[in-house]
Amino acid sequence: MNGLTVKELVRRARKARDRGSWTQACEAYKAALDAATVPPGMKLDRADVDRGAFDPAEIAGELGLCELELRKYRDAAEHLTWSLERDWALPSQLQERFLTGQRKAAFYVVELVLSVDPPDAEILIDGQKIGRTARTYKLFLEPGRHMVRARAPGREDGFHAFNGEPGDRQEISMKLSGPAVSSAKEAPAVPKTASASPAVRPKEPGPWASWPGTLRIGGIGLTAATASLGAVFMVRASTADGDLDERNKKLDAAGVSRGVCREQPKPATCSELTRLRRDRDLFAGLGTAMVVTSGVVGAATVASFFTDFSFLRTEPTKARLALIPTVAPAQVSLVAHGAW
């Protein structure tokens, strides 16, 4: 693509994008962004656009949308965020498109907001240098464990390790203090945490800290209780059945027919037999019901450990589902995205 102007590169990128050739569109937009000569911070007016000029903010945003289609979420989040930070150069329609895309990309990566003192300290993420210096960095990383290292002449090195989940936002503040480690020696084998601890950030709730955990505890308790009651009722039914059988044997030994209770007048023994049958049937029914209930509740409780309830959270995290409201001049809509 050497020798092509920014206008030609953007035209080529748009054609590739319109026909769904995202890789070609991405390459053309990258070349156009590299070739853009408008200095960052310089705002283009309408006349500049009419003459075919393109602001890097617009090119970076379109590049980010192409990277989003290619599932290059980290690159997409970086380019779209960079573009939106210069939103004064973008019309409102592009701002809405880029903002929606940026939220989708950020859903799959880890956002790191890093503050460093002194601001000219060299920053390394997982051993890779960040090619600029600033007091505050806004970076996007792949999910997983990362090590941040800051170093500056005359200061002790600062270290901070963290584990990032998709959709997380990590805020870290590092202040390097002296004296510095001797230049003839390597950094300490065991990294020291920077003197300023990271901003307080709530920990992810454990499996028992949220309402699903409360229901699981209740399910376990209810399963145990119903199983115990079922066992007690079944034992009581068995006892009543044993008493009934013993009474019937005594009647047989006395030469009394068991059908005597169907005749009038009924012997006094018949009322006792009726009571024993009623108790046996009642406790057997209750015991069976309790055992069945215990099995149902226990099965539901076990199933809950294999069910992800995080999709009910208001923020997209590992639930892999997010709802993003978007507003345009003529319509209001809700964009849903995630992974299934």
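As a basis for the values below, the full set of heavy atoms in this structure was taken, side chains included, without hydrogen atoms, waters or symmetry mates. Remember, it's a predicted structure, so these values are computed and weren't measured experimentally.
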Which pair of non-hydrogen atoms, one from Pro56 and one from Ala36, has the smallest distance, and what is that distance?
CG-CB, 4.0 Å

Using a strict cut-off of less than 4.0 Å between a Lys/Arg side-chain nitrogen and an Asp/Glu carboxylate oxygen, indicate whether Arg97 and Glu62 qualify as a salt bridge.
yes

Is the shortest heavy-atom distance from the side chain of Lys30 to the side chain of Glu67 under 4.5 Å?
yes

Leu176 and Pro118: which non-hydrogen atoms are nearest, and at how many Å?
CB-CD, 4.1 Å

Within 6.0 Å of CZ in Arg71, more than 12 heavy atoms from elsewhere
no

What one should report as the nearest heavy-atom pair of Ser115 and Thr136 is OG-OG1, 3.7 Å

Verify, without hydrogens or angle tests, whether Thr100 (side chain) and Glu96 (backbone) share a donor-acceptor contact under 3.5 angstrom.
yes

How far apart are the C-alpha atoms of Asp279 and Arg275, what are their side-chain angles, what is the distance that settles it, and do they pass the salt bridge (charged side-chain N to carboxylate O under 4.0 Å, His left out) test?
CA-CA 6 Å; Asp279 288 349; Arg275 184 186 66 79; 3.0 Å; yes

Take Glu58 and Tyr29 through the test side-chain contact (heavy atoms from CB on, under 4.5 Å) and record every step on the way to the result.
CA-CA 10 Å; Glu58 178 179 349; Tyr29 275 126; over 6 Å; no

Looking at every heavy atom in both Ala150 and Ile123, which two are closest together, and how far apart are they?
CB-CD1, 3.6 Å

With rounding to the nearest 0.5 angstrom, report the CD to CG distance, Glu27 to Leu9.
11.5 Å

Apply the test side-chain contact (heavy atoms from CB on, under 4.5 Å) to residues Leu68 and Tyr73: give CA-CA distance (whole Å), side-chain angles for both, the deciding distance (0.1 Å), then the verdict.
CA-CA 6 Å; Leu68 183 61; Tyr73 300 119; 3.8 Å; yes

Nearest 0.5 angstrom please: Asp157 CG to Met174 CE, how far?
9.0 Å

Nearest 0.5 Å, please: how far is CG in Asp126 from CG in Leu141?
7.0 Å

Is Leu222 reachable from Val291 through a run of hydrophobic residues whose side-chain heavy atoms are each under 4.5 Å from the next?
no

Arg17 vs Trp22 side-chain heavy atoms within contact, under 4.5 Å:
yes

For the residue pair Ser177 and Glu156, establish whether any side-chain heavy-atom pair is separated by less than 4.5 Å.
yes

Among Glu85, Glu78, Glu111, whose salt bridge (charged side-chain N to carboxylate O under 4.0 Å, His left out) with Lys138 holds?
Glu111

Under a 3.5 Å distance rule, please check whether Ser228 uses its side chain to pair with a backbone N or O of Ala224 as donor and acceptor.
yes

Apply side-chain contact (heavy atoms from CB on, under 4.5 Å) to residues Met234 and Thr288 and explain how you reach the verdict.
CA-CA 7 Å; Met234 295 299 283; Thr288 302; 4.3 Å; yes

If I take atom CD from residue Glu165 and atom CD from residue Gln170, how far apart are they, to the nearest 0.5 angstrom?
9.5 Å

Where does the angle between the aromatic ring planes of His146 and Phe162 fall among parallel (under 30°), tilted (30 to 60°) and perpendicular (over 60°)?
tilted

Examine Leu282 and Met290 and state if one hydrophobic cluster contains both, with Ile, Leu, Val, Met, Phe, Trp and Tyr joined whenever side-chain heavy atoms are less than 4.5 Å apart.
yes

When rounded to the nearest 0.5 Å, the distance separating CG of Leu114 from CZ of Arg135 is 12.0 Å

Which of these, Leu90, Ile59, Asp55, Leu65, sits in a side chain to side chain contact (heavy atoms under 4.5 Å, CB included) with Ser83?
Leu90

Please check if Leu94 and Leu99 belong to a single hydrophobic cluster, counting links between Ile, Leu, Val, Met, Phe, Trp and Tyr side chain heavy atoms closer than 4.5 Å.
yes

One pair to check against side-chain contact (heavy atoms from CB on, under 4.5 Å): Ile125 and Leu112. What are the steps and the verdict?
CA-CA 11 Å; Ile125 307 292; Leu112 172 62; 4.2 Å; yes

Please name the pair of heavy atoms, one in Arg169 and one in Val113, separated by the smallest distance, quoted to 0.1 Å.
NH2-CG2, 3.5 Å

What pair of heavy atoms forms the shortest contact from Ala161 to Met147, and how long is it?
CB-CE, 3.8 Å

Is Ile130 linked to Val110 within one hydrophobic cluster, defined over Ile, Leu, Val, Met, Phe, Trp and Tyr using a side-chain heavy-atom separation of less than 4.5 Å?
yes

Can you hop from Leu124 to Phe159 via hydrophobic side chains spaced under 4.5 Å?
no

Side-chain (Arg155) to main-chain (Arg151) donor-acceptor, under 3.5 angstrom
no

Once rounded to the nearest 0.5 Å, what's the spacing between atom CD of Gln102 and atom CZ of Phe140?
5.0 Å

Does any part of the side chain of Cys26, heavy atoms only, come nearer than 4.5 Å to the side chain of Leu63, both counted from C-beta?
yes

